[in-house]
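Index from 1, following the sequence.
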Amino acid sequence: MNPGGFKLCLFLIQTVVLTDKALGQTDNKDECPSDLRKVCQKEESCSECLLAHTCCNWCYDQRIADKFLCDFIDELKECGTSIERNRNNSVNIVKNQNFVDINDVEDASSAIQIKPQQFDVTLRKGQPLNISFTYKAAKNYPLELYYLGDLSYSMLPHLDTLKNLGNDLGRSLEELTKHYKLAFGSFLDKPGMPLIMTAPSKINNPCEQTEEGSPVCQTKAWLFKHSLNFTDKMSDFFEVVGNSIVSANLDDLDGALEAIFQILVCGKQFGWSESSRKIILLSTDSLLHTAGDGLLVGATEVNDELRCLMDEHGDHTEPLKYDYPSLPQIKMLLRKFKTNLIVAATKDKIKSYRQMERDILEEEAFVGVLKDNSENILELVKKGFLDFIRRVEFSANSPQIPELQLRFFVDCNGTNQYQQKAGCNNVEEEPVNFKLELSLHGTPSRSYEQIIIKESGINEEIVINIHYVGGSCKCENLPQIKWKCEHGTEDCGSCVCDLGWKGRECSEACREEVRVCRKDENSPICSSNGDCICGKCTCRKSFTGTYCEFECPMNKAQEICNNKGQCVEGECRCYDGYSNDDCSCPTAVDQCFLGADSEICSGNGTCTCNSCKCKPGHKGDYCEMNTNEAKNVVCEMYEEPVKNYFLNKTIIDDKSSVTLENNSVSFHKVENLTLCGDNPCLVVIFESESSRCIIQYCYYKDTNDIIHVPIRKNCDFTLKAIGYGFGIGIFVSIILAGLVIILFKKFQLWREEKIEFAKFNEQIENYKTQKAHEMNPIYVSPVVNYENPLHSSSTH
């Protein structure tokens with residue numbers, strides 16, 4: 001059994017507000033140990049006070065001993081309302097509309113495929129926080145397909161096929177979505193030497209004429225021509241395609257990248273919608289000119305301002321001014337405008353395009369082989385579209401502060417196993433769950449940040465408003481007094497001095513008084529674990545104390561007390577729910593038993609840090625497997641319910657939930673039992689006298705204490721049925737063998753009779769000939785007898 005197979009988390013979309021108790025923040029003195037007051041009271045500014053610990057709060061009332069205090073909330077009662085209270089990590093869902101499919105194309109902008117849509121988050125330094133969201137593709141989401149055709153002379157058969165598609169194209173697109181639009185454009189290359197022939201006789205007829213009567217081009221070459229804005233009228237599309245004519249250029253590389261560039265940057269002019277899946281279909285038998293190739297015709301400028309260079313007639317206005325775009329630039333634009341590229345290339349060019357897809361456009365492009373005469377173009381459109389809609393990938397706009405780190409996790413297979421990545425490539429109709437981890441690794445310079453989460457293929461987003469604890473204190477009741485901080489910054493009624501300055505108004509220059517940074521005369525400065533600045537030790541990470549004399553436990557990820565506690569004088573004060581010297585040990589025991597009625601570690605081990613340590617001879621997440629007796633107590637527990645699950649035939653939609661004792665159990669029929677590892681549970685059932693089924697199943701528990709039992713069934717014939725079949729087979733074989741022998745004997749008899757009959761016919765013919773000769777009156781025998789008088793015998 002996979003050791004991690006049972007420890008899966010089911011991340012549900014819900015409002016999560018972490019309690020003060022969960023993070024160690026509380027107003028109760030008993031839960032804020034007195035020694036933590038030292039941590040609070042040494043802080044001299046509001047921001048540092050709030051960051052020191054969740055028990056620390058800031059008083060900014062000058063009447064309190066004419067100074068500002070950082071202390072426990074119960075110690076600041078005289079401050080009244082002039083208190084900047086500390087805050088815990090929290091997540092609040094602000095907007096959470098349900099998923100909405102598309103019934104009418106005009107409603108496309110109202111589609112909802114991501115939920116929730118907005119969060120308010122409070123984030124503390126050193127305490128990661130997770131938010132969960134879900135993606136579900138909307139049915140009949142509009143498709144806009146731009147057909148970009150290579151109209152070089154060699155593509156003429158492919159153009160003829162496109163002209164004859166007729167209603168087949170519409171029917172094919174309707175299988176993908178009820179709402180679609182088409183646009184059309186074509187490309188060749190830059191109209192200049194050495195890319196095309198510029199001789200007067202070749203300008204208007206650039207095709208090669210090899211013999212009298214060979215076809216000729218009807219127009220000169222062009223770089224890119226847009227012929228039809230997006231329309232849902234198939235007749236308009238095929239009219240434009242039918243009027244298209246071919247031309248030619250010299251080399252085997254064309255200007256498709258410039259055409260794609262213009263299709264993307266001229267989106268509004270061509271009629272791209274805001275809410276649609278956008279696809280460019282490139283059909284070609286040529287390779288691509290890329291950045292730098294424009295030097296061949298003197299096109300040296302770079303269109304880095306993303307200018308649309310198409311006129312009202314759909315003609316490129318500056319074909320010889322700007323260089324070709326680069327592939328990275330095309331990748332950036334495809335992502336910017338949420339557009340995908342399907343490349344249908346002929347077999348002799350497919351290798352180059354697949355390398356382009358693999359190396360640069362892996363997430364943005366789909367490449368397929370275009371067969372002779374484009375006979376499979378509809379198939380490629382369908383495969384490419386399905387490939388894109390099955391991809392989902394999220395990204396966030398770059399945080400404005402380097403201290404904020406974002407990490408995406410996703411459950412692609414619906415198994416409640418999350419992987420650290422931002423997307424999936426196998427999305428079907430079922431929802432896909434994501435989570436985003438936010439962590440703050442430093443002190444931000446401001447108190448607020450807004451993060452926008454977007455999906456790569458649709459025009460929807462998630463807004464996350466982040467409020468930083470300690471970034472900047474609000475101090476809403478602070479009197480309107482103009483603070484004078486000569487060499488520092490004002491922070492909620494106090495001055496935070498620059499280096500080399502001190503005092504209430506940061507007006508006193510300070511010298512390095514290293515004597516006060518020594519614990520005693522023989523001790524090193526700041527215990528060699530920090531720097532002495534203005535007579536005060538500034539400690540390196542993992543060290544604390546007035547003289548940096550205490551070292552705090554730090555894990556491999558450079559997290560002090562595993563981010564699960566506060567370090568005080570070198571010792572970890574763990575938050576509730578954690579223990580151990582470095583707060584690495586959860587005190588919960590919920591992962592040490594499967595069901596509510598189960599024994600901890602099945603009675604065969606001890607629960608340490610919420611994980612079972614099994615006695616010799618036992619293994620498994622719950623010590624449920626006896627290695628000596630090949631016995632699994634959990635398998636035995638669910639053997640009868642699994643049998644009943646199939647034999648009772650009460651399954652609805654391949655899922656069923658039951659309550660066993662105090663446990664809620666959910667059965668799921670699956671095809672691939674990856675969760676079971678190498679040791680699934682097995683049980684054999686007989687659905688009938690002739691059918692035997694082997695059931696494989698395993699088990700895991702989610703965060704709601706629901707036990708999940710994925711099941712896979714393989715059925716075959718029973719031995720009795722096989723015996724019947726074997727007997728019938730033998731009987732049939734004997735009959736067939738007898739028939740074969742009889743037929744063979746009959747064949748031999750027929751062959752012998754045929755030979756005899758042939759001989760008989762020959763004898764009859766000979767007899768008839770002989771009789772005919774004897775009865776003919778003019779017949780003369782050819783035999784003559786001669787007698788030799790010297791011999792007594794005669795010669796014939």
With rounding to the nearest 0.5 angstrom, report the [atom1] to [atom2] distance, [X] to [Y].
X: Ile451; Y: Ile464; atom1: CD1; atom2: CD1; answer: 7.0 Å
X: Asp315; Y: Leu223; atom1: CG; atom2: CG; answer: 11.0 Å
X: Met193; Y: Leu296; atom1: CE; atom2: CG; answer: 10.5 Å

Qualifying residue for side-chain hydrogen bond (donor to acceptor under 3.5 Å, both in side chains) with Tyr146, from Lys181, His226, Lys278: His226
Residues in salt bridge (charged side-chain N to carboxylate O under 4.0 Å, His left out) contact with Glu318, at least two apart in sequence or another chain: none
With Asp236 via salt bridge (charged side-chain N to carboxylate O under 4.0 Å, His left out) - residues at least two apart: none
Test item: [X] and [Y] side chains (from C-beta on) under 4.5 Å apart, heavy atoms:
X: Asn433; Y: Tyr418; result: yes
X: Leu257; Y: Leu327; result: yes
X: Asn249; Y: Leu195; result: no
X: Leu228; Y: Tyr147; result: no

Please indicate whether [X] has more than 12 foreign heavy atoms, meaning atoms of other residues, nucleotides or ligands, lying under 6.0 Å from its [atom1].
X: Lys336; atom1: NZ; value: no
X: Lys454; atom1: NZ; value: no
X: Lys178; atom1: NZ; value: no
X: Glu274; atom1: CD; value: no

Residue pair Asp285 / Thr346, side-chain donor-acceptor N/O under 3.5 Å: no
Any side-chain donor near an acceptor of the partner, Gln450 and Asn465, under 3.5 Å: yes
Enumerate, atom names and distances included, each donor-acceptor pair closer than 3.5 Å involving a side-chain atom of residues 165-174, sequence neighbours excluded.
{"from": "Asp168", "atom 1": "OD1", "to": "Arg171", "atom 2": "NH2", "distance (Å)": "2.3"}

For the side chain of [X] and the backbone of [Y], is there at least one donor-acceptor N/O pair under 3.5 Å apart?
X: Asn92; Y: Asp120; result: no
X: Asn397; Y: Ile452; result: yes
X: Glu144; Y: Ser273; result: yes
X: Trp272; Y: Phe230; result: no
X: Gln113; Y: Ala138; result: yes
X: Asp411; Y: Asn416; result: yes

Quick check: closest heavy atoms across [X] and [Y], and the distance to 0.1 Å?
X: Ser247; Y: Leu188; value: CB-CD1, 3.3 Å
X: Cys424; Y: Val410; value: SG-CG2, 3.4 Å
X: Leu288; Y: Leu253; value: O-CD2, 3.2 Å
X: Leu406; Y: Leu436; value: CB-CD1, 4.0 Å

Cationic tip of Lys115 above Phe99 ring, under 6.0 Å, 45° of axis: yes
Ring centroid separation Phe133 to Phe119 under 6.0 Å: no
Asn425: side chain to side chain donor-acceptor pair (under 3.5 Å) partners, not counting sequence neighbours: none
Per-pair distances, 0.1 Å, donor-acceptor, side chain in residues 377-393, under 3.5 Å, sequence neighbours excluded:
{"from": "Glu379", "atom 1": "OE2", "to": "Lys383", "atom 2": "NZ", "distance (Å)": "3.1"}
{"from": "Lys382", "atom 1": "NZ", "to": "Glu175", "atom 2": "OE1", "distance (Å)": "3.3"}
{"from": "Asp387", "atom 1": "OD2", "to": "Arg391", "atom 2": "NE", "distance (Å)": "3.1"}
{"from": "Asp387", "atom 1": "OD2", "to": "Arg391", "atom 2": "NH2", "distance (Å)": "2.5"}
{"from": "Arg391", "atom 1": "NH1", "to": "Glu362", "atom 2": "O", "distance (Å)": "3.3"}
{"from": "Arg391", "atom 1": "NH1", "to": "Glu363", "atom 2": "O", "distance (Å)": "2.5"}
{"from": "Arg391", "atom 1": "NH2", "to": "Ala365", "atom 2": "O", "distance (Å)": "3.4"}
{"from": "Glu393", "atom 1": "OE1", "to": "Arg335", "atom 2": "NH2", "distance (Å)": "3.2"}

Ring pair (Phe, Tyr, Trp, His ring centres under 6.0 Å) contacts in which one or both residues fall within residues 297-353, not counting sequence neighbours: His289-Tyr324
Plane angle bin for Phe408 and Phe394 - parallel if under 30°, tilted between 30 and 60°, otherwise perpendicular: parallel
Geometric class of the Tyr448/His467 ring pair [parallel <30°, tilted 30-60°, perpendicular >60°]: tilted
